[in-house]
Structures are given as C-alpha cells and as structure tokens.
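Please read the structure below before turning to the comments.
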Amino acid sequence: MKKIKTFALASLAILPALALCACGEPQFYSITTFSSSELLGTASGGSAKEVQEGSKLTLTASAKPSANSSFLCWVHNSNKIVSRTSQMEVTASSQTNGIYTALFEGRYSSDNESINYSQMMYAMATNLEYQVENVSSVSYSIEYASLTASDNFHALTSGSYDQSINNSIVGSDVFYLGKPGNLFSYSFKVIISEVSYTNSEMVSNIGEIKMNGVISSSSFNSNGKIVLEGQDDRGNKLSLTLSKLSSKLWERDI
C-alpha cells in the first residue's frame, strides 16, 4: 500500500513537470523571400529552412540599375504591404510566418512618367464613390472572388470616409494578379454597411452591391487603373477604382 501511495505522489510531482516541458517546446516558422521580377531586382535574407520563434532575419531587396527599375515595397503573403524600406527586420512568430515578396517597378526610361504598369502584378482599391445626393459618410467593406471559385469571396479591405471631403481608400491591403501567362481574374462586390446624410439624422444600411465586369492584369489602362461600376436596389450608382501599385500611389501616402 505504501508503494502505491509513493508511486501516486511521485506521479503527481512528475506529470506537471512533463506538461511544462511539453509547453516549452520551441516553435518554428517559415520566413521566405521572393522577388516580384528577377529581371527587375532580387530579394534575399529569407531562410530555406524553418527558423525558431524569436529568430531575427534581415530581408533585403535590391533593384537592378541595368533594368532601370526601383524598389516599391515588401508584401507579406500576397495581401499586405508591410514595409516600403528595402531592408527590413523580421522576428519569426505566428504573425510573421509566410512569404515576403519584394515588389519592383519597371520603367520605360528614367522619366518618372514612364512606368511600365504591365510588369506590376499587385493592385489595391484606391477610390470608392457612392453617387447619392446629400451623403456625408460611407462605411464599407470590399470583397473579391476568383472566377475559378466565384462564390468564395475574400475580404480585401474595409473602412469609412467622409464623402464631402475625400472618397479615397487609404490602407495597405493588396491583391495578387498572378504571373504573366498565368493571370488571375476576379469579380468584386462592395458591402455598404452604413450611410449617413447631411440633411437628416437617418442612417441607411445599403447592403451588398455587385460590381460589373471581371478584372485581370490586362484590364488596367495605361495609367494602371480600372473603374468598376455597380448599383444598389434603388438604382443609385457606385464606382470602385482599382490601381496597380506604383511609386505614384506613395504620393497619396497610402
């Protein structure tokens, strides 16, 4: 009987210790780097193997002068701008785990007006206009779906703006247009959750508005923009401007 009691007491002492050891096992994460175009620049500093949590890696993007290119930003997992500095430090964690793509901008010449938008495969929402009189502010969310999974919409960005001042969309959310020869095509919708008016205290919930048309990299004009249009159940128009990333967008301090 004493032996059983001794074993039980020993177990009570050992099991919590084992549990603590299990909880203390190191976690490992993937931090990899890619270039948006090897012709325009290189990306380095990522690890071919998973690294332990807390490890610090310095990621470096280098544009190629011979290609007349310039560095734009780092994009994490193809959906978020995380830095506009060519060199950045990343501490391995569950939040930083993933792929870091160095985006480069190609130019036809050294002239800042000669950006080659066809080489940029990332874009973002830059402007939303709900064309209704006396609207003071609009709260919205924007979603998109691939044509290969047209019912599977993903959140792009959300926010609100004072329409009497500015209807620009400011943020760091981007979407990926694919590689040349393997382009992605998307449809978009806007959910307007709240509209306030200048001449009343009434607040409206407009709901979902599907935008007409499908976009791919080739849909953008020579300035790297495309405007999609839709309308609500009352026939009021909504326009959404999408823009390829470029140094010109930085002037808006996105």
Side-chain angles (χ1 to χ4, degrees), residues 73 75-82 84 117 120-177 184-254:
C73 59
V75 171
H76 184 214
N77 289 337
S78 294
N79 57 29
K80 183 77 71 174
I81 297 172
V82 290
R84 285 162 49 187
Y117 289 100
M120 177 51 66
M121 307 307 290
Y122 288 83
M124 66 193 313
T126 53
N127 189 281
L128 186 67
E129 184 178 2
Y130 188 43
Q131 300 172 21
V132 180
E133 290 185 3
N134 299 317
V135 166
S136 62
S137 65
V138 178
S139 296
Y140 62 87
S141 59
I142 301 171
E143 299 182 0
Y144 66 104
S146 168
L147 287 192
T148 57
S150 57
D151 294 328
N152 186 19
F153 278 84
H154 302 277
L156 174 61
T157 190
S158 61
S160 61
Y161 63 85
D162 185 336
Q163 187 150 301
S164 65
I165 300 174
N166 195 314
N167 54 356
S168 295
I169 296 173
V170 178
S172 58
D173 302 296
V174 300
F175 60 97
Y176 180 49
L177 291 160
F184 295 167
S185 297
Y186 299 112
S187 59
F188 282 77
K189 66 180 180 181
V190 178
I191 298 91
I192 299 182
S193 57
E194 187 175 288
V195 176
S196 300
Y197 302 87
T198 57
N199 57 354
S200 74
E201 295 181 357
M202 184 178 70
V203 175
S204 300
N205 183 341
I206 306 302
E208 178 182 305
I209 300 177
K210 291 186 177 181
M211 309 307 292
N212 299 322
V214 173
I215 76 148
S216 65
S217 179
S218 59
S219 304
F220 293 77
N221 63 24
S222 58
N223 292 318
K225 296 182 182 295
I226 183 173
V227 178
L228 301 179
E229 295 185 341
Q231 62 181 28
D232 63 18
D233 293 338
R234 300 175 184 177
N236 298 313
K237 292 183 179 181
L238 178 77
S239 63
L240 169 65
T241 302
L242 305 170
S243 304
K244 286 191 175 183
L245 295 190
S246 73
S247 54
K248 291 183 179 181
L249 288 181
W250 300 160
E251 297 171 6
R252 298 173 55 244
D253 195 29
I254 61 174

Problem set entry | salt bridge (Lys or Arg N to Asp or Glu O under 4.0 Å) against K210, all qualifying residues, sequence neighbours excluded |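 K210 satisfies salt bridge (Lys or Arg N to Asp or Glu O under 4.0 Å) with no other residue.
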Exercise. For E208, which residues count as a salt bridge (Lys or Arg N to Asp or Glu O under 4.0 Å) partner, sequence neighbours excluded?
Worked result: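 Partners of E208 under the salt bridge (Lys or Arg N to Asp or Glu O under 4.0 Å) test: K189.
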Could you tell me the separation between the [atom1] atom of [X] and the [atom2] atom of [Y], rounded to the nearest 0.5 Å?
| X | Y | atom1 | atom2 | result |
| --- | --- | --- | --- | --- |
| S139 | I192 | OG | CD1 | 9.5 Å |
| L128 | L228 | CG | CG | 11.0 Å |
| S247 | R84 | OG | CZ | 10.0 Å |
| I209 | I191 | CD1 | CD1 | 9.5 Å |
| S219 | K244 | OG | NZ | 9.0 Å |

Show me the side-chain donor-acceptor pairs of residues 147-156 shorter than 3.5 Å, one per line, residues at least two apart or across chains.
residue : atom : partner : partner atom : Å
T148    : OG1  : S146    : OG           : 2.8

Give the table of side-chain donor-acceptor pairs shorter than 3.5 Å for residues 230-240, with sequence neighbours excluded, one pair per line with atom names and distance.
residue : atom : partner : partner atom : Å
D232    : OD1  : R234    : N            : 2.9
D232    : OD1  : G235    : N            : 3.0
D232    : OD1  : N236    : N            : 2.8
D232    : OD2  : Y130    : OH           : 2.4
D232    : OD2  : N236    : ND2          : 3.1

What pairs meet the salt bridge (Lys or Arg N to Asp or Glu O under 4.0 Å) rule with one or both residues in [range], with sequence neighbours excluded?
| range | value |
| --- | --- |
| residues 213-225 | none |
| residues 164-173 | K80-D173 |
| residues 152-172 | none |

Which residues share a side-chain hydrogen bond (donor to acceptor under 3.5 Å, both in side chains) with [X], sequence neighbours left out:
| X | value |
| --- | --- |
| S218 | S216 |
| S204 | Y197 |
| T241 | none |
| Y176 | none |

Exercise. Step by step, would you call T198 with N134 a side chain to side chain contact (heavy atoms under 4.5 Å, CB included)?
Worked result: CA-CA 5 Å; T198 57; N134 299 317; 3.5 Å; yes
Problem set entry | Under 3.5 Å: donor-acceptor pair, side chain of S196, backbone of S136 |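 Here the side-chain-to-backbone pair does not exist.
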Exercise. Is there a donor-acceptor pair closer than 3.5 Å between any side-chain N or O of Y144 and the backbone N or O of F175?
Worked result: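 Side chain of Y144 to backbone of F175, a donor-acceptor pair under 3.5 Å: no, none is there.
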Which pair of non-hydrogen atoms, one from [X] and one from [Y], has the smallest distance, and what is that distance?
| X | Y | value |
| --- | --- | --- |
| S217 | L177 | N-CD2, 4.0 Å |
| M124 | G171 | CE-O, 3.4 Å |
| I142 | I169 | CD1-CD1, 3.7 Å |
| Y117 | S246 | CE2-CB, 3.6 Å |
| A125 | L242 | CA-CD2, 3.8 Å |

Exercise. Mind checking whether N221 and I226 have side chains closer than 4.5 Å, heavy atoms only?
Worked result: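 Counting from C-beta outward, N221 and I226 never come under 4.5 Å.
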Problem set entry | V132 side chain near V195 side chain, heavy-atom distance below 4.5 Å |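 V132 vs V195: side chains apart.
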Exercise. In chain order, what residues pass the ring-ring contact (aromatic ring centres under 6.0 Å, His included) check against F220, with sequence neighbours excluded?
Worked result: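 F220 satisfies ring-ring contact (aromatic ring centres under 6.0 Å, His included) with no other residue.
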